[in-house]
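Step one of this worksheet: look at the structure below.
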Amino acid sequence: MSNSQKSSSHSPSSISIIRPDDWHLHIRDGAGLKSVIPFTARQCGRAIIMPNLTPPVTTTRRAQTYQQTIFDALGKNSDFQPLMTLYLTDSTPAEEIKTAINSGIISAVKLYPAGATTNSDAGVTDIKKCYQTLEMMQKLGLPLLVHGEVTHQDIDIFDREKSFIDQRLELIVRDFPELKVVFEHITTSDAVDFVIESSSYVAATITAHHLLMNRNDMLVGGIKPHHYCLPVLKRETHREALMKATASGNNKFFMGTDSAPHSKHNKETACGCAGMFTAFAAIELYAEAFDNADALDKLEQFSSLNGPLFYGLAVNSDKITLQREKWTVPESYKFGDDVVIPLRAGQTINWKIVS
């Protein structure tokens, strides 16, 4: 792992932080959901649940059903709060935004450019078709979460985030200056700069794997399918820019794992399934990244404070404690009737939750 073994001799042996939240999480549905949601509920108080199921969660009614499925999987003793989202399409009516707000369970709407990633075929083909809906979101204060990549075949996959900024995101922010926008799982220095230079209505989530890894980790020594995600891992200079932003204390950046489980079978075939499963050790991986950057004192702000601030929510009331302790990641975890291969399978992580 790039930079994964660097740690400061001056770092503490344990830290206690306010319980974090995951502002970008995939948990799938059915038996797979029951297998993976307990990992997040153990670590986090809340999580923004992504809507790209098959079929996608395009209505408030379907989001209510999905949320109840999550509650049923966790049982009555869990305090975990799933924050639901709607999947934006070319034909999402503005009236659905009113319904979403009135329901009290919808925290955001997710924009997937059509074909950009897993289960995004029903996504947006032309953002201007959504302008009435975006206007209603701006009026009612419902955030837009953006998967920031263009999907044109003539754009290099490593340049798709930058092209999305230039061709789409600048337009959205210009035309809807008071719409809250979260630039999801950013991967480039271009995205960091855009967020920093934009108004207070624009923020970003950053994953642990994009803080810990660069594209060499996916390509050198043979292609590693379990390191394939979208947006893909980028150059080391971009990883460094992401780490600098997270370690700076800037409140525009917060934790969003983009943990995205796929069965071992689907990841190791020509399916092309994009996503890394990191929820099993989300905060431990972030702790390692911050430790590498000698910035453990900024972990709580990034993981536990900045997200609630942007979404206008109270911070969690309890704390968790992490200890510097190497432990070996299992080769796999149960995922419904199959298994999912976690990040660092068979390898070590340097931090562990102890309470």
Side-chain angles (χ1 to χ4, degrees), residues 17-30 32-53 56-57 63-75 77-87 100 103-110 118 142-147 180 182 184-185 203-210 229 253-261 275-287 299-300 302-320 333 335 340 342-343 353:
I17 62 171
I18 294 170
R19 184 174 296 279
D21 299 301
D22 187 347
W23 299 99
H24 185 118
L25 178 69
H26 299 269
I27 54 173
R28 311 309 181 198
D29 204 353
L33 181 156
K34 293 179 181 179
S35 298
V36 300
I37 190 61
F39 290 113
T40 299
R42 173 177 173 261
Q43 298 195 359
C44 298
R46 296 164 290 209
I48 287 280
I49 307 299
M50 290 295 107
N52 60 331
L53 303 184
V57 182
Q64 290 168 327
T65 301
Y66 190 24
Q67 186 186 58
Q68 187 58 53
T69 300
I70 298 168
F71 286 139
D72 292 344
L74 288 170
N77 294 326
S78 176
D79 294 327
F80 175 76
Q81 183 180 4
L83 305 176
M84 309 310 293
T85 61
L86 297 183
Y87 184 114
S103 75
I105 73 160
I106 305 299
S107 295
V109 175
K110 181 64 183 286
T118 304
L142 193 62
L144 177 70
L145 314 183
V146 177
H147 181 110
K180 281 191 170 184
V182 180
E184 299 277 33
H185 44 51
T205 57
I206 301 179
T207 76
H209 49 278
H210 285 107
C229 59
F253 301 99
F254 41 86
M255 171 174 156
T257 65
D258 194 21
S259 179
M276 299 190 205
F277 179 56
T278 59
F280 72 99
I283 194 62
E284 292 99 327
L285 289 165
Y286 280 108
L299 176 62
E300 182 179 62
F302 174 81
S303 66
S304 312
L305 303 180
N306 291 349
L309 177 66
F310 185 82
Y311 278 87
L313 300 172
V315 301
N316 293 315
S317 59
D318 59 336
K319 291 194 171 188
I320 63 170
Y333 285 102
F335 185 51
V340 58
L343 185 65
I353 293 179

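Positions are given from 1 along the sequence.
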Can I get a per-line list of side-chain donor-acceptor pairs under 3.5 Å for residues 253-260, giving both atom names and the distance, sequence neighbours left out?
from : atom 1 : to   : atom 2 : distance (Å)
T257 : OG1    : D22  : OD1    : 3.4
T257 : OG1    : D22  : OD2    : 2.5
T257 : OG1    : H24  : O      : 3.3
T257 : OG1    : S259 : N      : 3.0
D258 : OD1    : H24  : NE2    : 2.9
D258 : OD1    : H26  : NE2    : 3.0
S259 : OG     : T278 : N      : 3.1
S259 : OG     : A279 : N      : 3.0

Only distances under 3.5 Å count here; give the side-chain donor-acceptor pairs of residues 77-86 to other protein atoms, sequence neighbours excluded, each with its distance to 0.1 Å.
from : atom 1 : to  : atom 2 : distance (Å)
S78  : OG     : F80 : N      : 3.2
T85  : OG1    : I49 : O      : 2.7

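Of all non-hydrogen atoms in S107 and Y311, the two that sit nearest each other are O-CE2, 3.9 Å. Of all heavy-atom pairs between A100 and S103, the closest is O-OG, 2.6 Å. Taking all atoms of both residues into account, the shortest heavy-atom contact from V36 to F277 is CG1-CE1, 3.9 Å. P20 and N316 make their closest contact through O-ND2, 3.4 Å (heavy atoms, listed as atom of the first residue, atom of the second, distance). The two residues P38 and L33 have their closest heavy-atom pair at CD-O, 4.3 Å. Residues I106 and L142 share a closest heavy-atom pair of O-CD1, 3.6 Å.
Atom NE2 of H209 sits about 4.0 Å away from atom SG of C229, to the nearest 0.5 Å. If you take CD1 on I27 and CD1 on I70, they are separated by 3.5 Å, rounding to the nearest 0.5 Å. With rounding to the nearest 0.5 Å, the separation of CD1 in I18 from OG in S303 is 8.5 Å. Residue C44 holds its SG atom at 7.0 Å from CD1 of I283, rounded to the nearest 0.5 Å. Rounding to the nearest 0.5 angstrom, the gap separating the NE2 atom in H185 from the NE2 atom in H210 is 8.0 Å. Atom CG of L285 and atom OG1 of T207 lie 9.5 Å apart (nearest 0.5 Å).
Counting only heavy atoms from C-beta outward, the side chains of D21 and P308 approach each other to under 4.5 Å. Inter-residue side-chain proximity for M50 and L145 is flagged as met; some heavy-atom pair is nearer than 4.5 Å. Proximity of R46 to L313: side-chain heavy atoms (C-beta onward) are separated by under 4.5 Å at one or more points. The side-chain heavy atoms of L53 and Y87, taken from C-beta on, include no pair separated by under 4.5 Å.
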### Q64/I105 under side chain to side chain contact (heavy atoms under 4.5 Å, CB included): CA gap, chis, key distance, verdict
CA-CA 8 Å; Q64 290 168 327; I105 73 160; 3.4 Å; yes
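Between the side chain of K180 and the main chain of F310, a donor-acceptor pair closer than 3.5 Å is present.
The distance between the ring centers of F39 and Y333 falls below 6.0 angstrom.
Remark: Q68 engages D72 in a side chain to side chain donor-acceptor pair (under 3.5 Å) (not counting sequence neighbours). Judged as a side chain to side chain donor-acceptor pair (under 3.5 Å), and not counting sequence neighbours, D29 has no contacts. For the ring pair (Phe, Tyr, Trp, His ring centres under 6.0 Å) test, no residue two or more places apart in sequence or in another chain qualifies with Y66.
The side-chain hydrogen bond (donor to acceptor under 3.5 Å, both in side chains) contacts involving residues 32-44 comprise Q43-E284, where partners must be two or more places apart or lie in separate chains.
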